[in-house]
Participant: 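Just dropping this structure here.
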Amino acid sequence: MSVGPKDRMEEQERIDYVLKEIERKETALYSKATGLKEDVIELRKTFWDDVTVNLDEPDDVIETQASIKQQAEFLAEKERFHGKIGDELKVLKRMKKSPYFGRIDFKEHGEDQVEKLYIGISSFLDRQDEDFLVYDWRAPISSLYYDYALGNASYNAVNSAIEGEISLKRQFIIRDGILKGLFDTGLTIGDEMLQEALGHNASTDMKNIVATIQKEQNRIIREERSKLLLVQGVAGSGKTSAALQRIAYLMYRYREELNPENVVLFSPNPLFTGYIRNVLPELGEANVRQTTFLEYLREGIGEGFTVESPFEQMEYVLTKENSDAYQTRLSSMEYKATLDFKKLIDNYVEKLRIEGMQFKNISFRGEILISKEEISEYFYSLDEAITPVNKMEIVAKWLQSELKQYQRLEVKKDWVMEKVELLDKEAYLKAYYEAQKLDEDMFVNEEKVLRKAVVRKMFGTLRKQIEDFDFVHVAKNFRLLFSTTRELENTPNNWNAICEQTIHDFSNNHLTWEDAAPYLYFKGKLIGDKQERAVRQLLIDEAQDYSSFQFAFIRHLFPYTRMTLLGDINQAIYVNVTKENPLVPGIQESEHERITLTKSYRPTKQITEFTKAFAPGVEEIEAFNRDGAKPTLIRLTDPSHSSLAILAERSAYLEKGHEMIAVICKTVQETERVYKELKEAVPVTQITEETYGFSKGFIVLPVYLAKGIEFDAVIIPDGSSSNYKEKDRTLFYTACTRAMHDLTIISGEEPCHFIKEAKVDTYEMLEDEIEKI
């Protein structure tokens, strides 16, 4: 609904007033920050001047320690306060560009006064710190803006629900303090604001959607009751953006108890991690711990193995169909993704309680001090009822005790004095002072101290290995799982072949992707794992690509954590991982909440209407009413002209003003071939799984690295039936739905049958387009 000139002028006057107040507060904070910085610098310079140091008596030492601690805490508090002011200034700087984006007029039941509430990225009070000039979008009262149209409405305050009536809902587009757009609406967020937000070119950073949050997205953001939140959202529905706003909301809502280190986000790849890195800082929140599941597994497994990435696994599936071991590998992937395989591991660990646990010798200078047989004997002498993890703790203490005895014996041996000569000056000086304290011959004492120092240092490595349970041969124990479990029930028919293939990989110190999580799970069952007890919130993006085993393992690692799983079953591109996936409707989960997003906002209406015809799932997909060109299918009479067609489309897209144009390929092999052909003609960037960021321009990448990212235009270089078969439906759908404004599919042969499933009037077909180049 349009707004008259008078209202527009009044709103601009209010913006000007708020901006002046922001500048006034900025000035005050700068002044305070400058004075505080000088205090911090002076405190650092004079730190020891204000500390009483006396080490003569035990009581004096305690007093000295207390004095140092007090001074350090005082300095730290000053530094924290200075940092807090810096954070406030960053928020004010962002608010100067757009102090708020929405307004609601709300009259609480029983009250005479209508309150005008302005909603922005952060709260801002008047100069008396009494009235809100702007409410933080995360504040309870701000939910009125996202959840209600005009009429009766309510929000949850601290102790009760506040009911009332919304008489006006207004939306603003403010750029650098100037009111660019203004409209009243009865809807959650009017199409005008979304059209404006989505009409721009794509960015190398994910956009902050806080001004355009829809009602269903607001449910994701503010859900607090369930231990498990499942979000199934179609491509372009804003589920990932909403998840990041959810993090910001939770950190605001529980700011006294939730810190960045208490929140973990698993993203699909390093490129995507870089893509979303600025959303939280834009909202005034520190970035939380972001990693990929692959990085997490590699860190836990350690340096003893190379670990295949999920992208390498996919490349194998897509390109090695003719290899001899292909079917065995597929069966291995399928079985090792199941809970049956987890049960097999659990049963095997139970057997190891009784017999068969493999250990390593404890050796020093080529001599076995404690043999693996002795360790095994001690291990099995302990009560069977004790778990392997607790037994290992007991064994480690016993080994440390035994090691002390061997350490005392080694001190007197001849080799020690040879090593003494290699000690540094600091060690000699320390030995000299320690020798002075002994009531014996100075020379003898000094040699004794030096000998002990050498042996202590040499044995230090052994002690650390015992602390890390390196005396347990985890790898050999895991390998024996595949040697001793042949022809079991509930295993695949070709289980023996799978075992042989696994043992072969293991003998080369290589873990396939399907073995990575099981191996780390098994390792934890033997020697304990690093359960993330401090993590309060875990968010998993692209959750449709995780297997049942991987989900069970994550639950095991994060036992006290609330989880949010986000994904789209239509984009489940990895093999054999969607069975029993929590995102699939009908899967039973206790204490969970399921939210389904069916409206696609990112692509134009024309792209959504085209792609939903061949979407893999059965979920409804609604197109947002943003018009654009129909997707284009280019049929080439000569497939070798594909690169020329890509270059022609690139030129046309650049003329339209597109800044991010992506050529999305099916595999790495195809990506490398296309990149090699294009780089001779135009500037182009190839994206690999090691890429952590990218710039605007012309890029080439495989589809699995494009997940979650948006581009102005997408070109699919080979959409033929020989390249995309039925098993590649999710890949093709994912590639097409990366486009915001324009989509081109090139085919030198018969186009893939997915295109034929779309209605003819949803795309444009150009025959022999190459002749126009």
Side-chain angles (χ1 to χ4, degrees), residues 292-294 296-298 300-301 304-349 351 474-526 544-554 556 572-581 667-668 689 704 725-728 730-731:
T292 66
F293 191 49
L294 171 63
Y296 191 90
L297 291 178
R298 281 179 172 168
I301 290 167
F305 291 92
T306 59
V307 181
E308 179 187 52
S309 72
F311 318 116
E312 290 169 330
Q313 185 200 63
M314 165 162 279
E315 198 68 19
Y316 177 91
V317 172
L318 296 175
T319 63
K320 301 296 183 182
E321 288 180 274
N322 297 324
S323 66
D324 294 337
Y326 187 76
Q327 290 303 324
T328 300
R329 177 81 196 273
L330 285 187
S331 297
S332 180
M333 291 178 194
E334 183 172 359
Y335 178 66
K336 291 173 182 176
T338 66
L339 297 181
D340 283 342
F341 184 52
K342 179 178 176 293
K343 187 176 180 181
L344 179 69
I345 292 175
D346 290 337
N347 290 339
Y348 176 62
V349 172
K351 288 182 180 178
V474 178
K476 189 174 183 181
N477 281 302
F478 190 70
R479 189 172 62 219
L480 285 172
L481 165 64
F482 300 94
S483 302
T484 59
T485 57
R486 303 299 179 93
E487 299 179 1
L488 288 177
E489 293 183 11
N490 300 322
T491 54
N493 293 331
N494 58 348
W495 176 239
N496 286 352
I498 291 172
C499 289
E500 289 171 9
Q501 193 177 76
T502 306
I503 291 170
H504 177 267
D505 288 331
F506 230 69
S507 63
N508 291 311
N509 297 320
H510 178 69
L511 284 170
T512 59
W513 179 240
E514 62 268 23
D515 279 321
Y519 177 76
L520 190 54
Y521 173 71
F522 175 77
K523 180 180 178 181
K525 295 288 282 185
L526 294 193
Q544 75 280 349
D545 291 329
Y546 287 70
S547 71
S548 300
F549 191 111
Q550 289 169 339
F551 275 126
F553 179 45
I554 289 170
H556 170 73
I573 65 174
Y574 295 106
V575 66
N576 298 322
V577 295
T578 58
K579 293 179 181 179
E580 301 177 357
N581 190 291
T667 65
V668 168
E689 65 172 289
Y704 44 79
K725 301 179 175 63
E726 177 56 39
K727 65 183 179 62
D728 304 316
T730 54
L731 285 170

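Given the structure is predicted, the values throughout are model-derived calculations rather than measurements. For the single chain, residues carry numbers from 1 onward in sequence order.
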Participant: How close do A517 and Q550 get, counting heavy atoms only, and between which atoms?
Facilitator: CB-CG, 4.0 Å
Participant: Does the plane of the ring in W513 sit parallel, tilted or perpendicular to the ring in F293? Use 30° and 60° as the thresholds.
Facilitator: perpendicular
Participant: Would you find a donor on one side and an acceptor on the other, under 3.5 Å apart, between the side chain of R298 and the backbone of V307?
Facilitator: yes
Participant: In Å and rounded to the nearest 0.5 Å, what is the OG1 to OH distance from T484 to Y348?
Facilitator: 5.0 Å
Participant: Have a look at R329 and tell me which of E321, E500, E514 forms a salt bridge (Lys or Arg N to Asp or Glu O under 4.0 Å) with it.
Facilitator: E514
Participant: Between F478 and L526, does a side chain to side chain contact (heavy atoms under 4.5 Å, CB included) hold up when you go through it step by step?
Facilitator: CA-CA 10 Å; F478 190 70; L526 294 193; over 6 Å; no
Participant: Within a radius of less than 6.0 Å around NE2 of H510, do more than 12 heavy atoms belonging to other residues, nucleotides or ligands occur?
Facilitator: yes
Participant: When you measure from the side chain of Y335 to the backbone N and O of L330, does any donor-acceptor pair fall under 3.5 Å?
Facilitator: no
Participant: Enter the distance from K342:NZ to K525:NZ here, rounded to the nearest 0.5 Å.
Facilitator: 6.5 Å
Participant: To check you understand the geometry: which heavy-atom pair defines the closest contact between A516 and L297, and what is its length?
Facilitator: CB-CD1, 3.9 Å
Participant: Taking all atoms of both residues into account, what is the closest heavy-atom pair of Q327 and N494, and its distance?
Facilitator: O-ND2, 4.2 Å
Participant: Distance check, rounded to the nearest 0.5 Å: F522 atom CZ versus L344 atom CG?
Facilitator: 10.5 Å
Participant: Could you give me the CA-CA distance, side-chain angles and deciding distance for Y704 and E689, then say whether side-chain hydrogen bond (donor to acceptor under 3.5 Å, both in side chains) is met?
Facilitator: CA-CA 9 Å; Y704 44 79; E689 65 172 289; over 6 Å; no
Participant: Around atom NZ of K725, are there more than 12 heavy atoms from other residues, nucleotides or ligands closer than 6.0 Å?
Facilitator: yes
Participant: For the atom pair CG (D545) and CE (M314), what is the distance rounded to the nearest 0.5 Å?
Facilitator: 7.5 Å
Participant: How far apart are the C-alpha atoms of Y326 and N322, what are their side-chain angles, what is the distance that settles it, and do they pass the side chain to side chain contact (heavy atoms under 4.5 Å, CB included) test?
Facilitator: CA-CA 7 Å; Y326 187 76; N322 297 324; over 6 Å; no
Participant: Has N508 got more than 12 heavy atoms of other residues, nucleotides or ligands less than 6.0 Å from its CG?
Facilitator: yes
Participant: So which heavy atom on S548 is nearest to which on L339, and how close?
Facilitator: O-CD2, 3.6 Å
Participant: Are F506 and Y519 an aromatic pair, judged by ring center distance below 6.0 Å?
Facilitator: yes
Participant: Do any N or O atoms from the side chain of D505 and from the backbone of T502 form a donor-acceptor pair under 3.5 angstrom?
Facilitator: no
Participant: Between atom OG of S331 and atom CD1 of I498, what is the distance when rounded to the nearest 0.5 Å?
Facilitator: 5.0 Å
Participant: Would you check, one step at a time, whether the test side chain to side chain contact (heavy atoms under 4.5 Å, CB included) holds for T319 with V668?
Facilitator: CA-CA 10 Å; T319 63; V668 168; over 6 Å; no
Participant: Test side chain to side chain contact (heavy atoms under 4.5 Å, CB included) on T512 and Q313; report intermediate values, then the result.
Facilitator: CA-CA 8 Å; T512 59; Q313 185 200 63; over 6 Å; no
Participant: Going by heavy atoms in the side chains, are M333 and V317 under 4.5 Å from each other?
Facilitator: yes
Participant: Between F482 and C499, which heavy-atom pair has the shortest distance, and what is it?
Facilitator: O-CB, 3.3 Å
Participant: Working to the nearest 0.5 Å, report the span between CZ of F341 and CG of L481.
Facilitator: 5.5 Å
Participant: Just by modelled atom types, is the A572 backbone N or O under 3.5 Å from a matching donor or acceptor in the T730 side chain?
Facilitator: yes
Participant: Search all heavy atoms of D346 against all heavy atoms of Y521 and return the closest pair with its distance.
Facilitator: OD1-OH, 2.6 Å
